[in-house]
Amino acid sequence: MLRQIALIDCNSFYVSCERLFEPRLRSKAVVVLSNNDGCVVARSKEAKRIPVEMGVPFFEIKDLVETGKVIALSSNYTLYGDLSARVMTTLAGFGRSQEVYSIDECFLDLTGDPKPTETMIAARCRVLRDVGIPTSVGIGPTKTLAKLASEIAKGLPAGVFVMPPPGPALAEVLGKLPVAEVWGVGPAFQATLRTWNIKTVLDLARLPPERMQRKYGVVGERVVRELRGEACHLLVEGPEPKQTITVSRSFSRDIAALPDLRAAASSFAERAAEKARSGHRAAGAVTAWLSANRFKADAPDCGGSLTHVFPVATNSTPELVNAVDAMVRRLWELGQPEGRWKKAGVLLLDLVDDRARQTSLFGEVERERAGRISTALDEASRRFGTTALCSGTRLLSKNWKPLAGRCSPRRTTRWNEVLEVG
DNA sequence: TCTGGGGTCCTAGGACCC
DNA sequence: TCTGGGGTCCTAGGACCC
């Protein structure tokens, strides 16, 4: 049976959310800004037409805002998350299975549906009526083709586009699309394809998969195969357990004062602990990092990180906050006297299921790991008076001593040599 | 002056063991 | 002092996504 995958994409999602509560925003050029109102993260179609590009810093469009040509809004992620959940729930019943791919997109499996177009027109109408969010729907035999179809759908009155089955009709559609539209083809990929004189999606689909495999491995190969209608990416139902959890922010200005850094880092650690607990995850290690303003010519890529390994995986707020706080104080010292920080973050890694941990805590594996790690921690603190571990690989600004060696959280044997340098 | 945040997957090659 | 290869695990970093 021919696979039929639909990709439902909310149009200008953040802008559409804001428009629900502010009718004056309808038919206007509207953008939503990132944290600290730093740059543009969503644009209405009127704003795209001007054009306002995705990701441009706010100061570059300030004139447009001041002259009333564009309305700029701060973001409200709580609202967007709530509306997203309603959209996804509404759509779930229209396919035999659903993969929520991002805050504003999901895939539905329509295989076996005799009238997929009608089904999706009904789905869009329901989302618009019940939640108030406009959507576009693309349908195709693979995820990659469905995504391309949804781009075409944005320009159609019905808001639904079905990719033709492989053959001349499909070739005609793909021949009109630039290769940059393809899911998985980013800037680096595009640069190579240009040198191969690959311009349209059709050009790419006609490349021998083996050639892509040699240059880009399985990732590139899958892109080509999916364009030919061969499914390489299956639907993933239900949220997969997280591999890492990040909480990070840019500051509105550079921060040099330790109390400010500690306050920020503690709140990141608290939030990370909450995220971990809500997903039933526990961290085997936590990294804290600081970085300087990457746009300043005198301090490119300057920053550092420390990683702390827990004897037993944890998601307790005090444990995470304490570990992060100790590392931030140390990072601040390492950055003295000129350290000025624009961004900081906390990363939970080595995540495990915290319900399984409860039962395996007394199991052999966990006990062996706990014993091994605590021995190494004891040794480290005896010799160096600290248990914070250096893993910074970019402590390279002119006033900082580069850190030699690396630390891998699982490799207890190497910790000591890293600590000696740090 | 002002430039987001949160993820995933893949690979080369090092580390380690036998 | 000189000598080997296979298998597996692990990490950093690149590339991409929204």
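Protein chains get the first letters and strands the later ones, always in sequence-line order, with residue 1 at the start of each.
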Nucleotide B:dC9, atom C1' - distance to NZ of A:Lys143 in whole Å: 13 Å
Any side-chain N or O of A:Lys275 less than 4.0 Å from the OP1 or OP2 oxygen of B:dG7? yes
Using only side-chain N and O atoms of A:Ser248, determine if any of them is under 4.0 Å from OP1 or OP2 of B:dG6. yes
Give the residues of residues 255-270 of chain A touching DNA chain B, defined as any heavy atom closer than 4.0 Å, sorted by residue number. none
Under 4.0 angstrom, heavy atoms only, what part of the nucleic acid is A:Phe295 near: base, sugar-phosphate, or nothing? base
Take atom P in C:dC18 and the same atom in B:dT3, then report the distance between them in whole Å. 25 Å
Donor-acceptor contacts, no H, no angles, side chain residues 53-65 of chain A, under 3.5 Å, sequence neighbours left out:
none

Considering residues at least two apart in sequence or located in another chain, which fulfil the side-chain hydrogen bond (donor to acceptor under 3.5 Å, both in side chains) criterion with A:Arg206? none
In whole Å, what is the span from the NZ atom of A:Lys343 to the C1' atom of B:dG6? 10 Å
Both A:Phe251 and A:Ile245 contact DNA chain B. Which one's nearest nucleotide lies toward the 5' end? A:Phe251
Within the 4.0 Å heavy-atom criterion, would you say A:Val185 contacts the bases, only the backbone, or no part of the nucleic acid? sugar-phosphate
A:Asp9 and A:Ser136 side chains, donor-acceptor separation under 3.5 Å: no
With 3.5 Å as the limit, what N/O pairs link the protein to nucleotides 11-13 of chain B?
residue	atom	partner	partner atom	Å
B:dT11	OP1	A:Val218	N	3.3

Under 4.0 angstrom, heavy atoms only, what part of the nucleic acid is A:Asp37 near: base, sugar-phosphate, or nothing? nothing
Is A:Glu333 salt-bridged to A:Arg330, going by a charged N under 4.0 Å from an acidic O? yes
Would you classify A:Arg222 as touching base, sugar-phosphate or nothing, given that sugar-phosphate means primed atoms plus P, OP1 and OP2, and contacts are heavy atoms under 4.0 Å? sugar-phosphate
Base, sugar-phosphate alone, or nothing: which one does A:Leu33 contact when heavy atoms must sit under 4.0 Å apart? nothing
If you look at every strand shown and take non-hydrogen atoms under 4.0 Å, does A:Glu105 touch a base, only sugar-phosphate, or nothing? sugar-phosphate
Over how many whole Å does the gap from A:His233 atom NE2 to C:dC16 atom P extend? 14 Å
Wobble G-U and Watson-Crick pairs count when both distances are under 3.5 Å; given that, what is the 5' to 3' dot-bracket string of DNA chain C, with | for pairing to other strands? ....||||||||||||||
Hey, is A:Glu46 close enough to A:Arg19 for a salt bridge, meaning N to O under 4.0 Å? yes
Rounded to the nearest angstrom, tell me the gap between atom CG in A:Asn36 and atom P in B:dG5. 7 Å
Examine distances only and state if a side-chain atom of A:Arg96 and a backbone atom of A:Asp109 form a donor-acceptor pair shorter than 3.5 Å. no
Touch check for A:Arg249, heavy atoms < 4.0 angstrom, all strands: base, sugar-phosphate only, or nothing? sugar-phosphate
Within the pair A:Ser102 and B:dG7, is there a side-chain N or O less than 4.0 Å away from OP1 or OP2? no
What nucleic acid atoms does A:Glu60 come within less than 4.0 Å of, heavy atoms only: base, sugar-phosphate, or nothing? nothing
What pairs meet the ring-ring contact (aromatic ring centres under 6.0 Å, His included) rule with one or both residues in residues 229-263 of chain A, with sequence neighbours excluded? A:Trp183-A:His233
Taking atom C1' of B:dG7 as reference, at what distance in whole Å does atom CD of A:Gln243 sit? 10 Å
A:Thr244 near the nucleic acid: base, sugar-phosphate alone, or nothing, with a heavy-atom cut-off under 4.0 Å? sugar-phosphate
By the 4.0 Å heavy-atom rule, please label A:Val100 as base, sugar-phosphate, or nothing. nothing
Any base atoms under 4.0 Å from A:Tyr77, or only sugar-phosphate, or nothing? Heavy atoms, all strands. nothing
